[in-house]
Amino acid sequence: MDIEKTAKALKELGHVTRLAIYKRLVKAGYKGLAVGTLQEELEIPGSTLSHHLSGLASAGMIKQRREGRVLYCVAQFEQLDEVLQFLRAECCIDDKFYTDDDGLKELKRG
């Protein structure tokens, strides 16, 4: 995942309402959740919810599917994994030493 896509995903998740929506969709798992249920559980007005879902969808963090008259939203777990992997990819790469309870030790790689 490139830095622009990661920044967009983090921007969308950086709003408290969108983060609450996304967290609820993650909890729902792969089957997703009906928009009406989301609206009811999170007590978000329909137009506001629609706006936030649009942002999450444009960042690739959710997908929507229609079953009859019901619109479902599903968290895109692969996208979430890519964002997290982007953040972890070079974690502590510049550290040669680390500290633990016994003091400073050389970092062993490999």
A.B. asks: Return all side-chain donor-acceptor pairs below 3.5 angstrom for residues 1-14, not counting sequence neighbours, or 'none' if the list is empty.
C.D. replies:
from	atom 1	to	atom 2	distance (Å)
Asp2	OD1	Glu4	N	3.1
Asp2	OD1	Lys5	N	2.8
Thr6	OG1	Asp2	O	3.0
Lys8	NZ	Ser58	OG	3.2
Glu12	OE1	Arg18	NE	3.0

A.B. asks: Using the rule that two of Ile, Leu, Val, Met, Phe, Trp, Tyr join whenever any of their side-chain heavy atoms come within less than 4.5 Å, decide whether Leu53 and Val26 are in one cluster.
C.D. replies: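 Yes: a chain of side-chain contacts under 4.5 Å links Leu53 to Val26.
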A.B. asks: Give me each pair satisfying ring-ring contact (aromatic ring centres under 6.0 Å, His included) with a member in residues 71-93, each pair once, sequence neighbours excluded.
C.D. replies: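 Qualifying pairs, neighbours excluded: Tyr30-Phe77.
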A.B. asks: What closest approach, in Å, do Leu25 and Cys73 show between heavy atoms, and which atom pair accounts for it?
C.D. replies: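 Closest approach of Leu25 to Cys73: CD2-O, 3.4 Å.
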A.B. asks: Throw together a table of side-chain donor-acceptor distances under 3.5 angstrom for residues 34-45, partners on residues two or more places apart or in other chains.
C.D. replies:
from	atom 1	to	atom 2	distance (Å)
Glu41	OE1	Arg24	NE	2.5
Glu41	OE1	Arg24	NH2	3.3
Glu41	OE2	Arg24	NH2	3.4

A.B. asks: Distance check, rounded to the nearest 0.5 Å: His52 atom NE2 versus Thr17 atom OG1?
C.D. replies: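 If I round to the nearest 0.5 Å, the distance is 4.0 Å.
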A.B. asks: Quick check: is Leu49 connected to Val70 through a chain of hydrophobic side chains (ILVMFWY, heavy atoms under 4.5 Å apart)?
C.D. replies: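 Different clusters: Val70 never reaches Leu49 through Ile, Leu, Val, Met, Phe, Trp or Tyr contacts under 4.5 Å.
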A.B. asks: Measuring from His51:NE2 to Leu56:CG, what's the distance to the nearest 0.5 Å?
C.D. replies: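 CG of Leu56 is found 9.5 Å from NE2 of His51.
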A.B. asks: Could you see if Val74 belongs to whatever hydrophobic cluster contains Leu80? Use Ile, Leu, Val, Met, Phe, Trp, Tyr and a side-chain cutoff under 4.5 Å.
C.D. replies: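 No: no chain of side-chain contacts under 4.5 Å links Val74 to Leu80.
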A.B. asks: Please examine the side chains of Gln79 and Glu82, heavy atoms only from C-beta on, and report whether any two atoms are closer than 4.5 Å.
C.D. replies: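 With C-beta onward as the side chain, the pair touches.
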